[in-house]
Structures are given as C-alpha cells and as structure tokens.
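Naming convention: chains lettered A, B, ... in sequence-line order (proteins, then strands); numbering from 1 in each chain. These numbers come from a predicted model, not from an experiment. Values below: every heavy atom of this structure, side chains too, minus hydrogens, waters and symmetry copies.
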There are 2 protein chains.
Amino acid sequence: MPRPKTHDEALRLRLLDRAGELLSREGATALSLRKLAADAGTSTTAVYSLFGGKPALVRELYVEAFRRLGGRLRAVAPTDDPAEDLIRLGLAYRESALADPHLYGVMFGGAVPGFEPDEAATAQSRAALAPLLEVIATGTRAGVFTDHDGTMAMGCWGIVHGLVSLELCGNLPPEIDVPTTYERALRANTAGWTRVR
Amino acid sequence: MPRPKTHDEALRLRLLDRAGELLSREGATALSLRKLAADAGTSTTAVYSLFGGKPALVRELYVEAFRRLGGRLRAVAPTDDPAEDLIRLGLAYRESALADPHLYGVMFGGAVPGFEPDEAATAQSRAALAPLLEVIATGTRAGVFTDHDGTMAMGCWGIVHGLVSLELCGNLPPEIDVPTTYERALRANTAGWTRVR
DNA sequence: CTACCGCTATAACAGTGTTATCGTGGTATC
DNA sequence: GATACCACGATAACACTGTTATAGCGGTAG
C-alpha cells in the first residue's frame, strides 16, 4: 500500500534556517544548493523532494521575510497622532531592511535569478503593509490626511522603499547623513498628504 | 617589436549593442557570454580582451543606461513653474524605466549577479540627475521650495525610484490605475516641499 | 622577407541548477 | 511477525554558466 507522506519537518526547517543564514551572511550568489545541502548535512535532492527546486525554496524565504517585516511594522503601536505614527512606521521599515539587506534584496531586488514571486506570494507581501493602511485610514477618518483611494499608501510605500533601495545599492552620495535626511524626506512627504499645516 | 593595440572598435560596439538587445529582450539571466558571442559572430574570449569579463561589460551597459536616463531627463525643458517641472521630470523618469525594464534592473536591481558598480560608475549615475538638482535649485531660489541641503532631491529620487521599482517588481495591487496614482503621489510629495499652498 | 607578439578560437576547469537511477527504510496490510 | 510497497534521499550524470590556459593565425615593424 502507498506509504503516506513522511512530513520530515525537521530537515525542512533546518534547510530553511541554513538557507536564510547563508543568504544573510554571504549574499544571494553564495546561496547554492550544494553548499546549502552540505551545510544542512543532506543532499541537493532533499531540496527537490521538500520544496520542488531552488525557486520554491527562495519563495519560502520571501514570504518569511515579509512576515518578519509585517511583524516589525505591527510592533509600532499607534498613538493619537497619525502623522507621527506614519513617520515611525517609515523608520521601522528602514530598520527592518538594514537588519538583513540580502533578505531585502530577495524581497524586491530580484537577487535570485530563477525566482519570480507568484500572485499568492505578492498578495502576502502586500498584507505585511496592513499597519500602514490602518494608520492612513484612521488619519483620513480624523480629517488630517487627504487620501484618495489608497493613493497615499502607495506613495508612502514608494518613498520608503525607494530611499532604502537607493541606500542599499550605494547610489546615495556618501557624504550625506542618511538617517536625518531619510526622516526629513518622510516628513515632507507626509506633509504633502496632510490637510492643513 | 610590440605590435600596437588594434582598437577593434567595431567588434566592441557590436558586442555592446548585442548585449543590450539580448538583455532587453530576454532578461538578465539570458545574457550569457556564449549566446552573446554567437550572436556577435565571435568567441567568448573577445569579451575578455575587449572588456575584461562579464561584470566589466555589464558596467558599460550600466553607464550607458544612466546616460540614456540623463538624456531623457534633460529633454524636459524647464518652464517658469518649478513644481510642474518636477512632476514632468518624474513622469519622464517612469517612462524611461518602462521603456526598458531589464536595463532598469541592471541599474538598480542588481540583476546581474557578479556585477557591483564601482565609485566612478555610481558617480556617473548621480550625474544623470542633474536636471532634478537644477529644477530644485531654481525653485528654492524662487522661494517656492523649502529644500534643505539636497534633502529634497533625495526624497524626490526616492519616491520615483520606489514607485517605479514596485511597479516593475509587480508588487502593486493589479486593480489600481498606475499612471494617475503615480502622478498623484508625485504631486503630494512635491506639495510637501512647497512653502505655501 | 622575417621575426615578433596582440588577438581570438578551441578546449578545459570549476561551479551552478536540475534530473535520472537506484538503494534504503519505514509503514500498511495480511 | 512477515512481507510487499513506495516515498525519500544519495550518487552520478547532464546542460549550462563564467573563467582561463593553450595554441595558432595574422598583421605590423624592422
């Protein structure tokens, strides 16, 4: 009779853990199946039985990365000042990206050549931004924001992602003070969405 | 006696041309030296004599990409309304990125694994943003912008790059109207930098 | 005409993701 | 408890990548 699935969760978790560590430490190009398998004490075939290939394994890292980002954003407790909450969300976003730049590259940079997120994965990525949508919704209800059908959320996500991405790629001039400039840019963008100043 | 350098500019240009076309058509992963050499009617060794390797060849595409982006931005003729000029610069930026998404990935996404831009290349990338700096400078002199040591330029670059990057990665929800939302986000950001509304 | 050496084609090397083959080991059934 | 079954993983091969050593062609200087 057909033997049921083994559900080797231990090896699966160890592979994911090692893959994440290898990615964070040596970058996306150093994340090879042979090195990963040797690190986890198994063979490359295990990745194919447990995940289905390298892109599928990276997909797990992808959703885990957004789960972690969502956790960091949810940790920003809302106050009764939505504009300030928005700034703190932006700062938390940057801290999350800087905590693991290579993982951020997997999320947005397309660091692993064969991997393209499917619709379910990108939907989960948007779900990580729930705290942002919530702050904007309350601020709009309170009359301090002038949102327009979720346009403000896209703008805010765009500026934080853009600045973080430029910083990680090394495109910003080296003489500027990134943290203060980053916060000033966030405040200006937020001011553009507030009703009266 | 040592033979002088041949300066085979024809083969060099043909390789660059083919590489750009191959990249634009089939993406960064399809850009292999063997395919490129076969396409240009030569061998992979030519890439090493003329450029020094694949990263060095991609570096040429990188600076050419920013040269092209700078040209598109310079084509936006300034008027006497700096705020509106800023919006038009942002629209031109997006059009330039959408005209060749794979090339945009080489510029910012780190699409080619072995390639990291050196200091000279990133300096040339910042030089492409001269029109942006110019519009901000005139607007600040005219008293309509409240720049603060180049912070505004960084914010503007961040939001356009961030939104374009999110769009190209497929992270934006599919039901939104990207062009109008993009322009609204740009206008809000610009409003945050204008002195009085 | 000849010696010289820059440039490129051929082929090999080390590495990658992927897949075919095969043996092992645990489970369900008798 | 014995046995048939097959999911799982280890080994090895395949196709492909960037890179490099070697060898030969070809044009230039003498």
Side-chain angles (χ1 to χ4, degrees), chain A residues 1-19 22-23 25-62 102 105-106 110-117, chain B residues 1-16 18-20 22-23 25-62 102 105-106 110-117:
Chain A
M1 287 300 118
R3 173 183 169 194
K5 292 242 177 179
T6 299
H7 284 316
D8 194 346
E9 205 67 18
L11 179 56
R12 178 188 165 84
L13 288 184
R14 195 174 50 203
L15 275 174
L16 279 177
D17 191 51
R18 290 312 214 169
L22 205 56
L23 172 74
R25 189 149 29 86
E26 306 186 32
T29 68
L31 178 60
S32 80
L33 290 191
R34 285 175 174 81
K35 205 182 299 185
L36 170 63
D39 224 21
T42 179
S43 178
T44 65
T45 325
V47 177
Y48 288 86
S49 348
L50 290 176
F51 298 95
K54 189 181 181 183
L57 178 133
V58 174
R59 205 198 92 109
E60 304 289 303
L61 295 179
Y62 179 91
H102 290 130
V106 169
V112 180
F115 166 68
E116 286 296 324
Chain B
M1 284 299 123
R3 174 182 169 196
K5 292 243 179 182
T6 300
H7 285 316
D8 194 345
E9 205 67 19
L11 179 56
R12 178 188 165 86
L13 288 183
R14 195 174 50 203
L15 275 174
L16 278 178
R18 290 312 214 168
L22 204 57
L23 172 73
R25 188 148 28 86
E26 306 187 33
T29 69
L31 178 61
S32 80
L33 290 190
R34 283 175 174 82
K35 206 181 299 184
L36 169 63
D39 223 22
T42 178
S43 178
T44 65
T45 325
V47 177
Y48 288 86
S49 357
L50 290 176
F51 299 94
K54 189 180 181 184
L57 178 134
V58 174
R59 204 198 92 108
E60 302 290 304
L61 295 179
Y62 178 90
H102 290 131
V106 169
V112 180
F115 165 69
E116 286 296 325

Original post:
Taking atom CG of B:Leu16 and atom CZ of B:Phe51, what is their separation to the nearest 0.5 Å?
Top reply: 4.0 Å
Subject >> Among C:dT10, D:dG18, D:dA10, the nucleotide that comes nearest once only the side chain of B:Lys54 is considered >> reply: D:dG18
Original post:
How close or far is atom P of D:dC16 from atom CD of B:Glu26, stated in whole angstroms?
Top reply: 14 Å
Original post:
Counting side-chain heavy atoms from CB outward, which of C:dG17, D:dA10, C:dT10 is closest to A:Tyr48?
Top reply: C:dG17
**OP:** Report the distance from atom OG1 of A:Thr29 to atom CG of A:Leu23, rounding to the nearest 0.5 Å.
**Re:** 10.0 Å
Subject >> DNA chain D: 5'-proximal contact among B:Thr29 and A:Leu11 (nearest heavy atom) >> reply: A:Leu11
**OP:** Send over the distance from B:Leu31 CG to D:dT17 C1', rounded to a whole Å.
**Re:** 12 Å
Subject >> Nucleotide of D:dC8, C:dG17, C:dT8 approaching A:Ser32 most closely (side-chain heavy atoms) >> reply: C:dG17
Subject >> d(CZ, A:Phe51; P, D:dC8) in whole Å >> reply: 13 Å
**OP:** With rounding to the nearest 0.5 Å, note down the distance linking CZ in B:Arg34 to OG1 in B:Thr44.
**Re:** 6.0 Å
**OP:** Spell out yes or no: do the side chain of B:Thr45 and the base of C:dT10 have one donor N/O and one acceptor N/O closer than 3.5 Å?
**Re:** yes
Original post:
Quick one: on DNA chain D, does B:Pro55 or A:Thr44 contact a more 5' nucleotide (nearest heavy atom)?
Top reply: A:Thr44
Original post:
Between D:dA10 atom P and A:Arg34 atom CZ, what is the distance in whole Å?
Top reply: 14 Å
Original post:
For A:Leu33 and D:dA15, what is the distance between atoms CG and P respectively, to the nearest whole Å?
Top reply: 19 Å
Original post:
Taking only side-chain nitrogens and oxygens of A:Ser49, does any of them come within less than 4.0 Å of OP1 or OP2 of D:dG9?
Top reply: yes
Subject >> Euclidean distance, atom CG of residue B:Leu36 to atom C1' of D:dT17 [Å, nearest integer] >> reply: 14 Å
Subject >> Verdict with supporting geometry, B:Leu57 and B:Leu36, side chain to side chain contact (heavy atoms under 4.5 Å, CB included) >> reply: CA-CA 11 Å; B:Leu57 178 134; B:Leu36 169 63; 4.0 Å; yes
Original post:
Around B:Glu116, counting heavy atoms of other residues, nucleotides and ligands shown, do more than 12 lie under 6.0 Å from its CD?
Top reply: no
Original post:
With a 4.0 Å cut-off on heavy atoms, is B:Leu57 in touch with a base, just the backbone sugar-phosphate, or nothing at all?
Top reply: nothing
